[in-house]
Participant: 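Would you mind keeping the following structure in view while I ask a few things?
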2 protein chains.
Amino acid sequence: MTKSSVQSDETAALILNAAERLVAVRGFNGFSYGDAAKELGLTRAALHYHFANKADLGEALITRYGDRFADALAAIDARESEAMAKLEAYAQLYLEVLREGRMCLCGMLAAENETLPPSMQDAVSRFFISNQSWLSSVLARGTELGTVELRGSPDETAWLVINTLEGAMLLARSLHEVAILQSSIDQLMAGLRRGTRVDV
Amino acid sequence: MTKSSVQSDETAALILNAAERLVAVRGFNGFSYGDAAKELGLTRAALHYHFANKADLGEALITRYGDRFADALAAIDARESEAMAKLEAYAQLYLEVLREGRMCLCGMLAAENETLPPSMQDAVSRFFISNQSWLSSVLARGTELGTVELRGSPDETAWLVINTLEGAMLLARSLHEVAILQSSIDQLMAGLRRGTRVDV
DNA sequence: GTCTATAGGCAGATAGAC
DNA sequence: GTCTATCTGCCTATAGAC
């Protein structure tokens, strides 16, 4: 790999960093090449060299975000063996993003779905389906082992977990109240943990 | 009231109708005066006559939406006396909006929060707090009467309900799968209804 | 790779005729 | 109340110099 191509990759990564934060905070439609260029001390033309158009940049954003999320899930699998511990770690990912004042990138893009290029819509869908699939496996395994108690199927419950976390993030961020997410996580986990339910 | 002022009110209402749908589908940043004007067969200048600037239009949108939601909650209170029935009816409001292919107006605006004029941010916050307050009362009353069983305080659980519904709407809409919301509603309700929990 | 310059379009907003 | 015309500014994107 030549020096210039390394620099190119590094610049591309810096652009993705800035763009990811801007999109997660302001939305794809509230973000422009000019915003990112300004932050990086570059011109808009330089950004177009690395990402020819906004749809390309958007796709790259989602792909990298999805890859990073997949890595995080693999790390959780390597670190935690018990289902509830995995779920707690999963929820912590959302809390960390919120504490940076961001939305989940794909949660933000889901809101803007109707205005996104189809390639980005598809990438967002894949992100959620991948998360749901991981969660569903964790929930199914936890049920087998008796640490998790479901009210619906693992698939349905997996969606409930994602929905609750994404929605709680949305509300917590707009109300400037992290506790809104924290408390929803606590209640969600209490509802899944076997042996914490109080009546019949 | 003169005929012309009636026409003005009617035109203003038509503008709000078109704008509300466009914003709930495309977002405030994905919406323009031109979009609404085109739908109504008017010019952008005509819209500026009724709503001088976009922030004014946005505030009017939220105010009217909040008033309509408050009316719907009052109708629920008049129609249903039991807490779980009220909660089911509340959830149905979200399902109806989703079936029209829309997001909750304020859920959409919550995502775009950081790019909104402060007056709109405040109005969105008030909307959610008003909903949370109503839900909290319903949950507290249901607990007293023994039809509802909470895992947290009524306040915390009220946020959980809103978060879950907003998040489920967000995901269901972007994945074109109404069942994602329906199933989250079912699980949420099952978790609140006394006597449906299966273990201790 | 990054720049300057620019094209071409659409945005929000206003002025003034009707 | 609604129109046409216009201002101003920002946007995405490209061409071509360095």
Side-chain angles (χ1 to χ4, degrees), chain A residues 1-20 22-23 25-62 109 112 114-120, chain B residues 1-20 22-23 25-62 108-109 112 114-121:
Chain A
M1 191 177 275
T2 66
K3 180 167 179 241
S4 73
S5 78
V6 168
Q7 287 181 331
S8 169
D9 289 353
E10 284 170 1
T11 302
L14 290 175
I15 293 169
L16 289 172
N17 290 345
E20 181 180 316
L22 285 165
V23 173
V25 171
R26 305 174 47 86
F28 194 68
N29 293 330
F31 149 85
S32 73
Y33 271 54
D35 296 332
K38 195 174 191 177
E39 271 204 19
L40 297 165
L42 294 173
T43 59
R44 285 166 293 155
L47 271 67
H48 276 287
Y49 171 81
H50 294 278
F51 301 95
N53 57 55
K54 219 184 164 188
D56 287 347
L57 174 55
E59 281 180 68
L61 239 28
I62 303 168
L109 295 176
E112 298 176 293
E114 297 299 305
T115 66
L116 299 180
S119 59
M120 287 183 65
Chain B
M1 190 176 277
T2 65
K3 181 170 178 236
S4 71
S5 77
V6 167
Q7 288 181 329
S8 169
D9 289 353
E10 284 171 1
T11 301
L14 291 175
I15 293 169
L16 289 173
N17 289 346
E20 182 180 315
L22 285 165
V23 173
V25 171
R26 305 176 47 87
F28 194 69
N29 292 330
F31 148 86
S32 72
Y33 271 54
D35 295 333
K38 195 175 192 176
E39 272 204 18
L40 296 166
L42 293 173
T43 60
R44 285 168 293 156
L47 269 68
H48 277 287
Y49 170 82
H50 294 278
F51 301 96
N53 57 56
K54 219 184 164 188
D56 286 348
L57 174 55
E59 281 181 67
L61 239 27
I62 304 168
M108 177 64 83
L109 296 176
E112 299 177 293
E114 297 299 305
T115 66
L116 300 180
S119 60
M120 286 181 67
Q121 295 182 359

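Residue numbering restarts at 1 for every chain, and letters A, B, ... go by the order of the sequence lines.
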Participant: When the distance from CG of A:Asp56 to P of D:dT14 is rounded to whole Å, what number comes out?
Facilitator: 10 Å

Participant: Of all the nucleotides listed (C:dA13, D:dT2, C:dT2), which has the minimum atom distance to the side chain of B:Lys54?
Facilitator: C:dA13

Participant: For B:Phe51 and D:dT2, what is the distance between atoms CZ and P respectively, to the nearest whole Å?
Facilitator: 12 Å

Participant: Whole angstroms only, please: what is the CD1-P distance between B:Ile15 and D:dT2?
Facilitator: 7 Å

Participant: Find the distance B:Leu40:CG to D:dC3:P and express it as a whole number of Å.
Facilitator: 10 Å

Participant: How many whole angstroms separate atom NE2 of A:His50 from atom C1' of C:dC3?
Facilitator: 12 Å

Participant: Measure the CG-NE2 distance between A:Asp9 and A:His50 for me, rounded to the nearest 0.5 Å.
Facilitator: 9.5 Å

Participant: Atom OH of A:Tyr33 and atom C1' of C:dT2: how far apart are they, to the nearest Å?
Facilitator: 15 Å

Participant: What pairs with A:Tyr33 under ring-ring contact (aromatic ring centres under 6.0 Å, His included), at least two apart in sequence or on another chain?
Facilitator: A:His48

Participant: Could you check whether B:Phe31 gets within reach of a base, just the sugar-phosphate, or nothing at all, counting any heavy atom under 4.0 Å?
Facilitator: sugar-phosphate

Participant: Could you tell me whether the side chain of B:Glu112 and the main chain of B:Asn29 form a donor-acceptor pair under 3.5 Å?
Facilitator: yes

Participant: More 5' along DNA chain D: A:Ala52 or A:Ser32, using each one's nearest nucleotide?
Facilitator: A:Ser32

Participant: Between B:Glu20 (side chain) and B:Leu61 (backbone), is there a donor-acceptor pair under 3.5 Å?
Facilitator: no

Participant: Listed in order of residue number, which residues of residues 41-48 of chain B have a non-hydrogen atom at under 4.0 Å from DNA chain D?
Facilitator: B:Gly41, B:Leu42, B:Thr43, B:Ala45, B:Ala46

Participant: At what distance, to the nearest 0.5 angstrom, does CG of B:Leu116 lie from CZ of A:Arg26?
Facilitator: 10.0 Å

Participant: Can you check side-chain contact (heavy atoms from CB on, under 4.5 Å) on B:Leu16 and B:Leu57, steps first, answer last?
Facilitator: CA-CA 8 Å; B:Leu16 289 173; B:Leu57 174 55; 3.8 Å; yes

Participant: Please determine if B:Lys54 forms a cation-pi arrangement with B:Phe28, meaning its NZ or CZ atom is less than 6.0 Å from the six-membered ring centre and no more than 45° off the ring axis.
Facilitator: yes

Participant: Rounded to the Å, how far apart are A:Asn29 CG and C:dC10 C1'?
Facilitator: 14 Å

Participant: It should be established whether A:Tyr49 places a side-chain nitrogen or oxygen under 4.0 Å from OP1 or OP2 of nucleotide C:dG1.
Facilitator: yes

Participant: In whole angstrom, what separates B:Asn53's CG from C:dA13's P?
Facilitator: 5 Å

Participant: Can you see if the side chain of A:Thr11 gets near the phosphate of C:dG1 - specifically, an N or O under 4.0 Å from OP1 or OP2?
Facilitator: no

